Amino acid sequence: MADPPERSDRFTCPGTLHWRNRGIRVDRTLSVLLDDVKGGHRLNGKEALFLFSTRGRQVWEIAAAADEMRQERAGSAVTYVRNQNINVTNLCVNACGFCGFSKKPGDAGIYFHDQKEIRKRAAMAKKRQVTEICTVSGLHPDFTAESYADAYRWIREAAPDVHLHASNPMEVAYAAKKSRISTVEVMEMMKEAGLNSMCGTAAEILVDAVREKICRQKIPTKEWIRIITEAHGLGIPTTATIMYGHLETYGDWVKHLGILRDIQDETGGFTEFVPLSFIHMNTPLFRGGRARAGATGREDLLMVAVGRLFLDNFRNVQVSWVKEGIKLAQLGLIAGANDLGGTMFEESISKGAGAKNTDYLDPAEMERVAADIGRPLRRRTTLYELL
Ligand code: SF4
């Protein structure tokens with residue numbers, strides 16, 4: 001990501017912003033910067049780093065500016081999607097340090113849903129009137145590209161009208177390797193079997209030095225970018241995520257956001273930005289003393305707010321009630337987010353990592369939360385058409 005030159009004279013070091021030799025206080029300069037952003041200035045990396053480093057009541061100024069941008073880009077509605085997860089298996093050949101979901105052969109609590117069970121769960125989703133089924137699973141040792149395509153076909157047959165939001169670049173790379181075909185061929189097979197959009201997960205932090213420490217077996221940054229770009233080229237939209245709050249730095253956040261913005265400039269294929277706050281309790285990274293106990297509330301709010309301000313080519317910013325809890329998620333809605341995510345029947349990934357009450361959020365509760373901040377709640381499709 002290149003920094004635009006026009007503001008670089010305002011910085012002396014990351015986290016310290018001032019007008020050189022002009023004696024203007026930091027808080028005054030923050031308001032100038034935020035006004036500029038509202039007027040169309042594209043934040044550069046140093047400016048984003050400064051915003052992430054902000055503490056105290058200036059956080060509210062950033063949140064307020066992001067809330068104005070939310071109104072301008074996405075309107076006043078708080079949206080949500082009625083969705084259900086089907087995680088086919090938790091058996092996984094990888095061992096990501098932040099993951100509390102995956103199991104190894106011999107572990108207690110391994111599950112694998114066969115064709116009958118997958119069809120049953122998809123039929124249940126249809127009965128629940130969901131408009132989206134999400135499926136991402138462990139990397140089962142026996143899976144090939146055909147295994148993913150079969151599962152998507154079964155879901156499609158049992159729930160023909162439901163949007164299938166499935167896989168991520170890691171699963172695509174794994175299927176390609178196992179079947180000795182290209183990642184494009186894998187996604188073509190998936191699309192043919194019924195895939196409508198792909199999850200932008202497995203991004204974690206798109207900085208290889210961090211990936212080495214938290215998920216060494218995962219695809220490197222370059223491959224994640226290539227597969228996401230290929231998906232967009234095939235007409236498969238994806239979400240854009242960041243998994244933060246473990247051992248990365250604010251500089252890594254900025255690099256990550258820069259990559260997302262560059263891809264969006266090139267393809268326009270991201271539907272939304274979804275910050276995923278690290279759930280630490282049951283993860284090897286935290287238990288081994290190699291990660292902190294998740295992001296703080298300030299950081300969670302700034303990730304939403306700075307994400308909104310920095311990603312000027314995204315319409316939608318989601319605040320995940322599963323990761324944040326409903327109270328902090330509500331604050332995210334007045335700090336730049338316009339979407340609450342899904343109802344999430346049968347969530348198990350965050351639950352595996354130690355999160356509580358992640359199974360289902362009743363739209364009536366979402367309505368209460370939205371009304372409390374004076375905004376209407378609207379149901380949407382996966383691709384943000386209002387229902
Ligand atoms: S994050 Fe995904 S790939 Fe990594 S261990 Fe967990 S299930 Fe496996």
Side-chain angles (χ1 to χ4, degrees), residues 52 85 87-111 134-141 143 167-175 177-178 199-225 227-228 239-257 259-260 274-297 299-300 303 320 322-325 347-356 358:
F52 278 132
N85 283 329
N87 305 120
V88 176
T89 181
N90 57 357
L91 193 59
C92 186
V93 298
N94 275 5
C96 300
F98 57 81
C99 181
F101 163 77
S102 69
K103 301 282 180 197
K104 291 273 164 265
D107 284 352
I110 293 174
Y111 70 79
C134 306
T135 170
V136 177
S137 303
L139 304 172
H140 192 286
F143 274 7
S167 274
N168 61 33
M170 182 67 234
E171 285 193 345
V172 168
Y174 182 66
K177 187 173 155 207
K178 293 295 295 291
C199 308
T201 46
E204 324 309 357
I205 296 287
L206 292 168
V207 174
D208 286 334
V210 176
R211 299 176 83 73
E212 267 295 305
K213 291 180 191 146
I214 66 169
C215 53
R216 189 170 302 137
Q217 296 149 303
K218 255 189 185 150
I219 50 173
T221 300
K222 217 165 135 191
E223 201 171 345
W224 189 93
I225 295 170
I227 294 170
I228 282 287
T239 55
T241 65
I242 181 169
M243 202 276 294
Y244 64 97
H246 34 89
L247 50 74
E248 79 292 359
T249 65
Y250 295 167
D252 296 325
W253 292 1
V254 173
K255 284 182 196 156
H256 184 107
L257 292 183
I259 289 171
L260 299 183
V274 190
L276 301 171
S277 201
F278 174 49
I279 306 288
H280 63 284
M281 291 77 100
N282 298 339
T283 65
L285 262 188
F286 178 69
R287 292 193 160 180
R290 286 172 289 134
R292 60 193 176 112
T296 62
E299 291 172 326
D300 283 328
M303 182 56 77
S320 166
V322 174
K323 303 287 185 191
E324 312 285 4
E347 197 288 324
S348 56
I349 291 177
S350 297
K351 197 195 302 176
K356 305 263 183 266
T358 64

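Count residues from 1 along the sequence. Since this is a predicted model, take the numbers as computed values, not measurements.
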Practice task
Can you sort out the partners of H246 under ring pair (Phe, Tyr, Trp, His ring centres under 6.0 Å), two or more places apart, ordered by chain and number?
Solution key: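 Ring pair (Phe, Tyr, Trp, His ring centres under 6.0 Å) list for H246, sorted by chain: F278.
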Please report the closest heavy-atom contact between [X] and [Y], naming both atoms and the distance.
X: E171; Y: S137; answer: OE2-N, 2.7 Å
X: C92; Y: S102; answer: CB-CB, 3.7 Å
X: F52; Y: V254; answer: CD1-CG2, 3.9 Å
X: T241; Y: L260; answer: O-CD1, 4.2 Å
X: D300; Y: A295; answer: OD1-CB, 3.5 Å

Quick one: pull up [atom1] in [X] and [atom2] in [Y] and give me the separation to the nearest 0.5 Å.
X: E212; Y: Q217; atom1: CD; atom2: CD; result: 10.5 Å
X: I219; Y: K177; atom1: CD1; atom2: NZ; result: 12.0 Å
X: K323; Y: M303; atom1: NZ; atom2: CE; result: 13.5 Å

Test item: [X] and [Y] side chains (from C-beta on) under 4.5 Å apart, heavy atoms:
X: L276; Y: T201; answer: yes
X: P220; Y: E223; answer: yes
X: F101; Y: N282; answer: no

Exercise for the section: Ignoring hydrogens and angles, state whether a donor on the side chain of N94 or Y174 is under 3.5 Å from an acceptor on the partner side chain. Expected result: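 Y174 and N94 do not have a side-chain donor-acceptor pair below 3.5 Å.
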Practice task
Check the side chains of T221 and D208 for a donor-acceptor pair under 3.5 angstrom, ignoring hydrogens and angles.
Solution key: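 A donor-acceptor contact under 3.5 Å links the two side chains.
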Problem - Candidates Y244, W253, Y250 - the one meeting side-chain hydrogen bond (donor to acceptor under 3.5 Å, both in side chains) with E299 - result: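 The residue from Y244, W253, Y250 that satisfies side-chain hydrogen bond (donor to acceptor under 3.5 Å, both in side chains) with E299 turns out to be Y250.
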Backbone N/O of [Y] and side chain of [X]: donor-acceptor pair under 3.5 Å:
X: K103; Y: Y111; value: no
X: N87; Y: V136; value: yes
X: H140; Y: L91; value: no
X: K178; Y: P141; value: yes
X: R211; Y: I205; value: yes
X: D252; Y: L247; value: no

Problem - H280 and F286 aromatic ring geometry - parallel, tilted or perpendicular at 30°/60° bounds - result: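 F286 vs H280 ring planes: perpendicular.
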Problem - Salt bridge E204-K218, side-chain N to carboxylate O under 4.0 Å - result: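 Judged by the 4.0 Å cut-off on N to carboxylate O distance, E204 and K218 do form a salt bridge.
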